[in-house]
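Numbers restart at 1 for each chain; the letters A, B, ... are given by sequence-line order, proteins then strands.
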Amino acid sequence: MRARLRSFLAALFQRSSLEQAMDAELQVHIQAYTADLVRSGMSPDEAARRARIEFGGLESIKEECREARGLKWPDEVRQNVRYAFRALRKAPGFTAAAVLSLALGIGVNTAVFSVVEAALIRPLPYADPGHLVAVYENHVTRGEKFEQFANANFLDLRSNSPSFEDLAAHMPAGLDLTTAEGAERIDGAYVTANMFPLLGVRAFLGRALVPDDGELGKPRVILLSFALWRKKFAGDPHIVGRPLAMDGASYQVIGVMPPTFRFPGTHEELWLPLRFDAQDRQQRSNHNLDCIGRLKPGANLRQAQSEASFIARGLQRDYPDDNAGIDFNLVPLRESLTHSVRGALLVLVAAVALLLLVACANVGNLILTRSTVRRRELAVRATLGASRWRLIRQMLTESLCLALLGGITGLVLCFAVTKLLRTSLPPTFMPTGEIRIDAGVLSFGLAAALAAGLLCAFSPAFLVAGADLQSSLAGSSRSATGSGAEVRTRSILVACEVSLTLILLIGAGLLLRSFVRLMDVDPGLSPGHVLAVRFALPRSLYSSHAVRLSFYQRLLARIDAIPGVRSAALITSLPLASEGGSSWFIREGRPTPHPEELIASNRLVSERYFRTLGIPLRAGRWFSSHDGPGAALVAVVNESVARRFWPGESPIGKRFQFYDRPWVEIVGIVGDVRQAGLDADATPEIYRPYAQDDQGWLAPRALAIQTQGEPLALAAAVRREFRALDSGIPIYGLTTMDALLEESVASRRLEVLLVGAFGCLALVLACIGVYGVVAYVVAQRGKEVGIRMALGATPAGVTALMLRQGLAPVLTGLVAGLAAALALSRFLSSQLYLVKATDALTFALVASLMVVTAVAAAYFPARRAARTDPNLALRQD
Amino acid sequence: MAHNIELLQGTLDMLILKAVSLGPLHGYGTLLRIRQISNSALEIPQGSLYPALYRLEHKGWIASEWGESENNRKAKYYRLTASGRKQLRTETEQWSRLSDAIASVLKANAEEI
């Protein structure tokens with residue numbers, strides 16, 4: 001076996017030396033024989049002639065020798081490929097159309113696959129990532145399964161669960177880094193010091209955090225991301241050991257992480273050890289730790305889950321006040337990082353797969369058109385001895401060549417689309433690192449091209465197998481036997497194209513309608529002409545309430561004085577941006593069922609906040625300048641609070657208290673605002689004047705400014721005022737409310753745009769298919785049309801006849817497509833908003849769009865039939 | 001040519017193997033040697049010699065290299081390989097079993113049955 005392989009490979013790759021050797025060897029033979037003949041008395045000329053005759057056909061012997069070396073099929077492939085390319089070159093129009101169709105299908109499929117690879121296939125960039133688990137608190141009573149951990153619950157789970165090798169926690173921290181250029185806000189995180197060993201990642205420079213860093217009283221240390229190190233410290237190789245000023249304190253840099261490192265689920269740029277003091281260790285009421293665990297080798301998730309739940313039940317018994325109804329919830333880390341994008345990704349995959357199928361059907365149709373023209377050629381080859389199977393192999397080779405050309409062209413498209421996706425997709429789509437075109441993606445593209453090639457070749461090959469080639473040689477090119485089967489095959493292909501396109505378009509239509517619905521949602525505020533900016537007050541300098549208060553007043557006065565500012569207001573966190581925390585509260589004179597059930601977002605605002613953002617007052621009053629530090633404590637609630645916690649009565653005049661804070665009286669009700677984006681329901685919110693209760697951790701950190709003109713035009717002036725007050729205050733996230741609103745729907749918009757674009761491309765391809773089939777029928781029946789017209793058929797009648805025949809497959813496809821879409825669209829439900837997956841309007845509109853475009857595509861060739869000159873038609877071949 | 005015996009299917013390979021087992025030969029030489037050993041009874045059709053040689057080489061039973069022929073020309077010489085030797089032994093055994101069997105059938109007369 002080995003000898004044969006070796007000899008085959010040698011023959012294949014040293015082809016020219018094989019041929020030379022063969023020639024030489026046969027010549028030696030003939031010469032030797034000739035010499036023998038001459039020796040036996042023959043004249044040299046006669047001897048040479050005899051030798052040649054007796055030797056036999058040189059070429060056929062050589063062919064047999066090659067065959068003996070197993071070179072038959074590679075030779076055939078080579079021949080087929082050469083023949084295919086020659087044929088493709090001869091039909092540049094056909095080739096361009098087919099290659100472009102396939103390039104489109106293969107290109108977008110490969111691009112989307114590159115996203116799938118980055119999100120779902122490539123391993124997470126941590127050691128043994130299969131054992132990493134995201135752990136949440138599961139607040140059973142509130143139905144919230146993905147809540148953050150309270151310190152003590154985390155510590156108890158860590159020390160008691162036998163399935164975990166270790167558990168680590170992290171907590172986002174915005175830190176103000178002060179360098180020579182001034183203060184800047186950096187997203188960072190506190191992490192338990194075992195986090196980096198648990199992830200199994202090493203530092204690029206210096207060292208990562210080690211458990212020892214988590215001890216109380218150890219020096220303050222900090223770990224930088226590669227990007228931050230490059231950006232802020234110019235990649236200083238001696239950064240390790242240097243002190244950094246942050247939040248008014250000094251930290252020592254211990255290391256820089258490698259460029260490829262990204263923290264699970266975040267885009268943070270620096271990390272500090274999270275240290276628990278004795279009081280922190282007891283704390284069970286604030287839930288703000290994100291938790292990652294590593295399972296022991298051999299431990300499985302189900303077992304770990306049941307152990308965690310067992311521990312949770314123990315905690316429920318031991319701490320009924322804090323832990324009633326709290327279970328733990330374990331999710332594989334990758335799933336937890338990608339569950340929000342999985343749905344959108346699958347929709348994209350389905351859309352591009354449909355597009356590729358439509359492209360294949362279209363190319364199949366094109367090939368069919370060509371094989372009609374080439375019937376004579378095929379018949380000649382068949383007559384000359386090519387077997388039917390050989391002809392099928394030839395057609396297969398041609399369409400594979402087309403597909404490979406399409407794949408190569410598609411790669412160019414893929415690079416472009418991938419570039420677009422890389423910049424426009426949110427980072428949640430790439431938890432394992434950049435979207436990139438690597439060997440895996442390329443092989444997917446190749447596989448897609450091969451599959452597409454086979455698929456395209458399927459129907460034409462089928463037709464060749466069934467056709468009566470001899471008769472088509474004998475008869476004319478319009479022989480009836482061939483064209484019947486062909487019209488049928490073409491009709492099936494067009495029906496497929498139409499139904500696949502319809503499915504894709506209905507999906508796009510449903511997404512579009514959801515998006516329109518979403519854009520119609522009242523965000524609860526008027527985002528136009530509002531500039532928003534976030535800032536951070538260095539804790540060391542602004543530690544007291546009085547200092548902060550005076551700063552806020554001076555800031556508002558300065559901002560209000562900027563020309564073009566209508567109104568300015570402060571708030572703890574901006575709406576629409578999913579920011580801000582919640583607190584639980586109790587109502588005066590009412591029994592409290594469970595503290596967890598009375599939760600509202602807790603916001604501190606300045607007096608003119610509601611007016612600045614255009615939040616409507618529903619009852620009672622807004623805050624006024626009298627609601628100062630010394631006055632009675634007041635609050636304004638939103639409608640959700642009124643509805644949910646004071647159902648059937650007015651909350652105005654009622655009192656409540658947050659946790660351990662003083663009693664507060666409700667003085668007004670304002671409209672609901674979609675705090676977490678347009679597609680998230682409004683949640684209960686309580687607003688209070690910052691002047692009355694500012695606890696430092698909950699202090700205004702955002703400024704909203706209503707402007708007369710373009711908001712961003714005032715950005716420079718706003719920055720100037722901040723600098724004039726205190727140049728040590730970092731300001732960041734300067735944007736407009738319109739932009740924030742836009743951002744909250746950006747990924748939905750992208751999904752609609754992509755699926756819609758794929759749908760339109762499929763529609764174009766399907767129209768080409770419909771056009772092709774009608775044009776073909778018209779060409780086939782030219783003579784018949786001529787006869788009909790000679791016998792008195794009207795042009796309109798002829799057009800109608802052709803249309804009828806051309807549109808029959810469209811109707812079949814339409815019915816099949818509608819049925820399939822009805823069955824499939826429910827998989828889209830998770831991506832829809834206020835639109836049912838079987839939305840009748842969408843189905844009807846898309847179906848009519850399909851019919852109208854199909855009729856338009858069919859009309860042109862049909863009309864051409866009606867213009868046939870009977871004289872010409874009857875005389876044609 | 002009338003005195004030539006038609007070659008049985010499959011025997012050509014065996015004859016070639018035997019011929020080259022007696023010493024390396026080029027293609028034409030193989031032909032001559034078979035003719036010589038068989039006293040001109042066996043004539044190999046020239047056209048089928050080379051495909052057979054290529055087939056045997058492909059199977060690894062013979063190997064080839066270029067050398068000088070008797071009249072100082074370059075020629076491709078074939079020799080038997082180890083696996084070819086084994087193959088020749090098997091084929092020879094099979095052949096003699098077959099020819100014995102056939103001979104005994106053909107020699108049979110009515111009395112012996």
Which atoms of B/Trp66 come close to chain A, meaning under 4.5 Å heavy atom to heavy atom: side chain ones, backbone ones, both, or neither? side chain
Checking heavy atoms, do the side chain of B/Leu31, its backbone, both or neither come under 4.5 Å from chain A? side chain
How close do A/Ala457 and A/Met395 get, heavy atom to heavy atom, and via which atoms? CB-O, 4.4 Å
Answer with side chain, backbone, both or neither: which region of A/Ala21 has an atom nearer than 4.5 Å to a non-hydrogen atom of chain B? both
Could you verify whether a donor N or O on one side chain and an acceptor N or O on the other, from A/Gln394 and A/Tyr83, lie under 3.5 Å apart? no
Between B/Gly29, B/Gly27, B/Gly60, B/Pro51, the one whose heavy-atom pairs under 4.5 Å with chain A are most numerous: B/Pro51
One option among B/Gly47, B/Ser48, B/Ser83 has the most heavy-atom pairs under 4.5 Å with chain A, and it is B/Gly47
Quick one: do B/Arg97 and B/Asp100 make a salt bridge, cutoff under 4.0 Å? no
Rounding to 0.5 Å, atoms NZ (B/Lys18) and OG1 (B/Thr92) come to a distance of 6.5 Å
Heavy-atom count check: over 12 atoms from other residues, nucleotides or ligands less than 6.0 Å from A/Lys62 NZ? yes
